[in-house]
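Here's the structure we're looking at; comments come further down.
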Amino acid sequence: MIEPGKLFQLEGGQRRRKLALTFGALERDIAGIAEKGSSYDFPSMTRAAYTKRLAEIVLHDPALPSPAAAELRSLIDAEVFDERRVCNCARNHLLAIIGTFPAEWDLVIAPHAFPFDKNGTVRRRDFYPGMCVYAEDIRSPFNLGSIFRSAEAFGVDKVYLSPFCADPRQTRALRSGMGCIEALGWERRSLDDLPHGLPIFALETGGTPISEFSFPPQGICLIGSEELGLSPQALDHAEYGRVSIPMKGLKASLNVGVAFGVLLASWTQSVKKG
């Protein structure tokens, strides 16, 4: 951990990188998995106060986009201060400014001409009308591309992205999407701007087991970020309910793209049985 005052002695890029690393260390400390030698140990202030102080420094970064600043400001000023969510939000916005993304590895580009005819025109898709997904703050381009690939494969009608999802046109998203991003309709929307009239449900822990959940024939499934899951605001929008995937493993954790694929297999089977 670094004292807040020392951060101002660093230049812009160096300060951003140090802040991003510090927020990552704080997230692990909050989760109880701090790396050796990186536990929070400033006796002069609480960890929450320290987190808030660092977040305020990020707010003064001239490169921080105004929507990102508004999101971070709302988390800082929230009645219940969620340390980990503030750290996660600040860190990911810093990484976006720096130009670094989660899961930054190269993938082998396999052939993916299947959605196109010989002239390069997207073929007519066969899909389930009204079957939609809303991806909230999926930061990894790799995961986002994987979500598009599963959505196209199972016949999802539309993909909605939250304002802070990774860009599906990012190189790594396009690679893992294997041509499906170009073939599938998508747009960015806030939770409040989602289409009215469709049931909204959440894929999240603590819900009805997937084998017992009554899937709607049409609806919007909310899926959350790789690290924190869905936000409280998203869960409030899931009036139709919450569905969970039971797991028995020691880790009991699935990659968000994999979990979404499991959900789609059950949802489409339910629709087919009608």
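In this chain, residues are counted from 1 in sequence order. Values below: every heavy atom of this structure, side chains too, minus hydrogens, waters and symmetry copies.
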Please check: side-chain N/O of [X] versus main-chain N/O of [Y], any donor-acceptor pairing under 3.5 Å?
{"X": "Glu204", "Y": "Val243", "value": "no"}
{"X": "Arg17", "Y": "Ile98", "value": "no"}
{"X": "Ser38", "Y": "Ala34", "value": "no"}
{"X": "Arg172", "Y": "Phe142", "value": "no"}
{"X": "Gln218", "Y": "Pro129", "value": "yes"}
{"X": "Ser244", "Y": "Gly206", "value": "yes"}
{"X": "Tyr50", "Y": "Ser44", "value": "no"}

Taking the side chain as C-beta and beyond, is there a heavy-atom pair between [X] and [Y] under 4.5 Å?
{"X": "Arg169", "Y": "Glu182", "value": "no"}
{"X": "Pro209", "Y": "Pro246", "value": "yes"}
{"X": "Leu75", "Y": "Asp82", "value": "no"}
{"X": "Ser231", "Y": "Glu136", "value": "yes"}
{"X": "Asp137", "Y": "Asn88", "value": "no"}
{"X": "Pro141", "Y": "Thr171", "value": "no"}
{"X": "Pro195", "Y": "Arg189", "value": "yes"}
{"X": "Arg47", "Y": "Ile30", "value": "yes"}

For [X] and [Y], work out which heavy atoms get closest and say how close.
{"X": "Pro168", "Y": "Leu174", "answer": "O-CD2, 3.5 Å"}
{"X": "Leu184", "Y": "Val159", "answer": "CD2-CG2, 3.5 Å"}
{"X": "Leu228", "Y": "Ser225", "answer": "N-OG, 3.1 Å"}
{"X": "Leu230", "Y": "Leu222", "answer": "CD1-O, 3.6 Å"}
{"X": "Leu144", "Y": "Asp167", "answer": "CD2-C, 4.3 Å"}
{"X": "Leu198", "Y": "Cys132", "answer": "CD1-SG, 4.3 Å"}

Side-chain donor-acceptor pair present, Asp193, Ser190, cut-off under 3.5 Å
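Present: a donor and an acceptor within the cut-off.
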With side-chain contact (heavy atoms from CB on, under 4.5 Å) as the test, would you mind laying out the steps for Tyr160 and Leu194 before giving the verdict?
CA-CA 8 Å; Tyr160 296 103; Leu194 287 175; 4.0 Å; yes
Taking the six-membered ring for Trp, are Tyr134 and His237 ring centroids under 6.0 Å apart?
no
Between [X] and [Y], does at least one N-O distance fall below 4.0 Å, as a salt bridge requires?
{"X": "Glu226", "Y": "Arg139", "result": "no"}
{"X": "Glu56", "Y": "Arg73", "result": "yes"}
{"X": "Glu27", "Y": "Arg85", "result": "no"}

Do [X] and [Y] land in one hydrophobic cluster if side-chain heavy atoms of ILVMFWY residues count as linked below 4.5 Å?
{"X": "Leu235", "Y": "Tyr240", "result": "no"}
{"X": "Leu254", "Y": "Phe154", "result": "yes"}
{"X": "Ile220", "Y": "Tyr128", "result": "no"}
{"X": "Ile57", "Y": "Leu26", "result": "yes"}

Using 0.5 Å steps for rounding, measure from the [atom1] atom of [X] to the [atom2] atom of [Y].
{"X": "Thr22", "Y": "Asp29", "atom1": "OG1", "atom2": "CG", "value": "12.0 Å"}
{"X": "Leu72", "Y": "Asp77", "atom1": "CG", "atom2": "CG", "value": "9.5 Å"}
{"X": "Met247", "Y": "Ser253", "atom1": "CE", "atom2": "OG", "value": "6.5 Å"}
{"X": "Asp236", "Y": "Leu191", "atom1": "CG", "atom2": "CG", "value": "9.5 Å"}
{"X": "Asp61", "Y": "His93", "atom1": "CG", "atom2": "NE2", "value": "12.0 Å"}
{"X": "Tyr40", "Y": "Glu83", "atom1": "OH", "atom2": "CD", "value": "9.5 Å"}

Can you list the residues that meet the ring pair (Phe, Tyr, Trp, His ring centres under 6.0 Å) rule with Phe127, with sequence neighbours excluded?
none
Apply side-chain contact (heavy atoms from CB on, under 4.5 Å) to the pair Trp186 and Leu161, showing each step before the final yes or no.
CA-CA 7 Å; Trp186 63 273; Leu161 307 179; 3.6 Å; yes
Measure the acute angle between the ring planes of Phe201 and Phe213, then classify it against the limits of 30° and 60° as parallel, tilted or perpendicular.
tilted
If you look only at distance, which donor and acceptor atoms sit under 3.5 Å apart when one is on a side chain in residues 256-274 and the other is two or more places apart or in another chain?
| from | atom 1 | to | atom 2 | distance (Å) |
| --- | --- | --- | --- | --- |
| Trp267 | NE1 | Pro216 | O | 2.8 |
| Thr268 | OG1 | Leu264 | O | 2.7 |
| Thr268 | OG1 | Ala265 | O | 3.3 |

Are Phe215 and Ile210 close enough, and set up right, to give a side-chain contact (heavy atoms from CB on, under 4.5 Å), and what steps lead you there?
CA-CA 9 Å; Phe215 286 98; Ile210 197 167; 3.9 Å; yes
Verify the neighbour count for atom CD of Glu187: are there more than 12 heavy atoms of other residues, nucleotides or ligands below 6.0 Å?
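Yes, the 6.0 Å shell around CD holds more than 12 heavy atoms from other groups.
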Using the rule given for side-chain contact (heavy atoms from CB on, under 4.5 Å), can you reason through Phe164 versus Glu71, listing the C-alpha separation, both sets of side-chain angles and the distance that settles it, and then say yes or no?
CA-CA 10 Å; Phe164 296 114; Glu71 182 193 30; 3.3 Å; yes
